[in-house]
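Report on the following structure.
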Amino acid sequence: MKKIAIAKTEEQFDALAASRVIGQIMRRPSSVIGLSTGRTTHNMHRVIARFFSQFDFNLHDVTFFGVDEVMNVPREYAGACYTMLRNELIDDLRIDDSHFLMLPTHSDDYPRTCHAFEQTLESRGGIDLLILGLGENGHLGFNQPGTPFESVTRATRMDEQLEKRIRRETNTPSDVFLGGISLGLKTIMHSRKIVLVAKGAHKADMVRQMLEGPITPDVPASVLQLHPDCEFLLDTQAAKYLQHEYQ
Ligand code: GLP
């Protein structure tokens with residue numbers, strides 16, 4: 001039985017998504033929680049920040065990390081995941097640097113850096129909760145269509161549209177590679193709990209393929225059908241092409 005929640009309003013969507021993170025922290029204050037960036041998760045981060053500013057809560061033990069990062073841009077660039085997460089959530093919660101783990105935007109040795117990142121997550125007890133956005137082409141993090149299910153954290157490519165936008169915004173010359181560095185699909189599947197969030201009509205076709213289509217590397221998000229504890233949190237627009245009744 002797939003676990004699917006369909007929010008009727010944007011407020012309900014953001015509140016539900018935020019409650020998954022808040023609930024995880026309350027249940028296990030030393031949780032390791034992976035966050036995604038983008039339009040879908042912006043408001044939920046603000047809801048979490050508001051919640052913890054209202055209620056005194058010890059957040060010293062929680063570790064947050066980013067699912068992915070843009071390569072070869074300054075970390076301070078407004079579209080870098082590091083800066084987005086800092087601005088949307090991490091600074092407000094006053095999370096110590098040692099408890100906010102990000103893949104780097106620059107490295108001399110990406111394979112080594114990625115391996116070290118995975119080891120750090122392992123040494124903190126492994127991933128308790130992972131919040132994942134959904135790409136319109138079915139990507140998870142920067143795992144584009146065709147990514148093997150066995151993939152681990154690594155440097156990879158981003159989709160063409162996003163690459164164009166970031167290149168323009170950062171004035172990156174065309175001879176500099178602009179890629180993504182991302183948790184792999186195998187790493188994602190090792191998380192104890194996953195919440196996939198998707199909202200908007202532009203995601204509806206991919207939501208249907210992800211949930212009701214074949215499990216295939218052509219649709220990386222379809223692998224989540226196999227995860228024993230993955231919840232799919234949608235709004236009514238994103239859910240509009242689903243054939244089955246889920247609620
Ligand atoms: C980017 C990020 C993903 C994110 C996705 C969804 O590609 N690399 O981690 O989940 O966008 O973004 P949005 O919520 O803006 O649709």
Side-chain angles (χ1 to χ4, degrees), residues 7 10 13-14 16-18 20-21 33-48 64-73 75 77-90 101-105 114 117 127 129-147 151 153-170 177-185 187-189 191 194-207 209-210 219-224 230-235 237-239:
E10 179 136 6
F13 180 95
D14 299 331
L16 274 174
R20 300 305 185 255
V21 174
I33 300 177
L35 301 170
S36 291
T37 50
R39 283 159 296 178
T40 316
T41 47
H42 177 274
N43 289 350
M44 72 170 270
H45 293 156
R46 300 309 299 148
V47 175
I48 298 168
F64 287 109
F65 70 96
V67 167
D68 52 16
E69 185 52 286
V70 182
M71 288 164 67
N72 296 332
V73 298
R75 198 166 77 149
Y77 157 55
C81 302
Y82 171 85
T83 292
M84 288 171 87
L85 288 175
R86 272 215 168 288
N87 290 343
E88 292 173 11
L89 182 66
I90 301 299
L101 310 177
M102 289 301 290
L103 288 155
T105 55
C114 290
F117 189 79
I127 304 169
L129 171 67
L130 196 57
I131 305 292
L132 288 177
L134 174 69
E136 272 177 69
N137 66 356
H139 71 236
L140 293 179
F142 281 119
N143 296 291
Q144 305 297 344
T147 303
S151 54
T153 301
R154 73 212 182 287
T156 177
R157 61 202 164 82
M158 60 175 85
D159 61 88
E160 216 176 303
Q161 263 187 332
L162 185 62
E163 196 208 304
K164 269 196 193 139
R165 183 169 60 101
I166 295 180
R167 199 174 282 288
R168 197 180 56 240
E169 288 178 0
T170 53
F177 175 67
L178 262 189
I181 178 168
S182 174
L183 246 58
L185 294 176
T187 326
I188 286 173
M189 289 298 279
S191 312
I194 297 175
V195 178
L196 181 292
V197 288
K199 63 180 170 187
H202 61 299
K203 298 277 173 85
D205 179 53
M206 192 39 69
V207 164
Q209 291 190 53
M210 166 180 72
V219 180
S222 66
V223 74
L224 297 178
C230 179
E231 178 184 18
F232 299 86
L233 174 54
L234 314 170
D235 69 356
Q237 284 302 303

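Counting starts at 1 for both ligands and their atoms, following the listed order.
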Rounded to the nearest 0.5 Å, what's the gap from [atom1] on [X] to [atom2] on [Y]? Could you check?
| X | Y | atom1 | atom2 | value |
| --- | --- | --- | --- | --- |
| His202 | Arg39 | NE2 | CZ | 5.0 Å |
| Asn143 | Arg157 | CG | CZ | 10.0 Å |
| Tyr82 | Glu69 | OH | CD | 10.0 Å |
| Cys230 | Leu196 | SG | CG | 5.5 Å |

Legend entry - Sole residue of Leu129, Ile127, Ile131, Leu224 in side-chain contact (heavy atoms from CB on, under 4.5 Å) with Ile194: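 Going through Leu129, Ile127, Ile131, Leu224 one by one, the side-chain contact (heavy atoms from CB on, under 4.5 Å) with Ile194 is satisfied by Leu224 alone.
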Legend entry - Sole residue of Asp159, Thr156, Thr147, Leu162 in side-chain contact (heavy atoms from CB on, under 4.5 Å) with His139: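 Result for side-chain contact (heavy atoms from CB on, under 4.5 Å) with His139: Asp159.
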N/O contact list for ligand 1, threshold under 3.5 Å:
| residue | atom | partner | partner atom | Å |
| --- | --- | --- | --- | --- |
| ligand 1 | 7 (O) | His139 | NE2 | 2.8 |
| ligand 1 | 8 (N) | Asp68 | OD2 | 2.7 |
| ligand 1 | 8 (N) | Gly141 | O | 3.4 |
| ligand 1 | 9 (O) | Asp68 | OD2 | 2.7 |
| ligand 1 | 14 (O) | Arg39 | N | 3.3 |
| ligand 1 | 14 (O) | Thr40 | N | 3.0 |
| ligand 1 | 14 (O) | Thr40 | OG1 | 2.4 |
| ligand 1 | 15 (O) | Arg39 | N | 2.8 |
| ligand 1 | 15 (O) | Arg39 | NE | 3.3 |
| ligand 1 | 16 (O) | Lys203 | NZ | 2.7 |

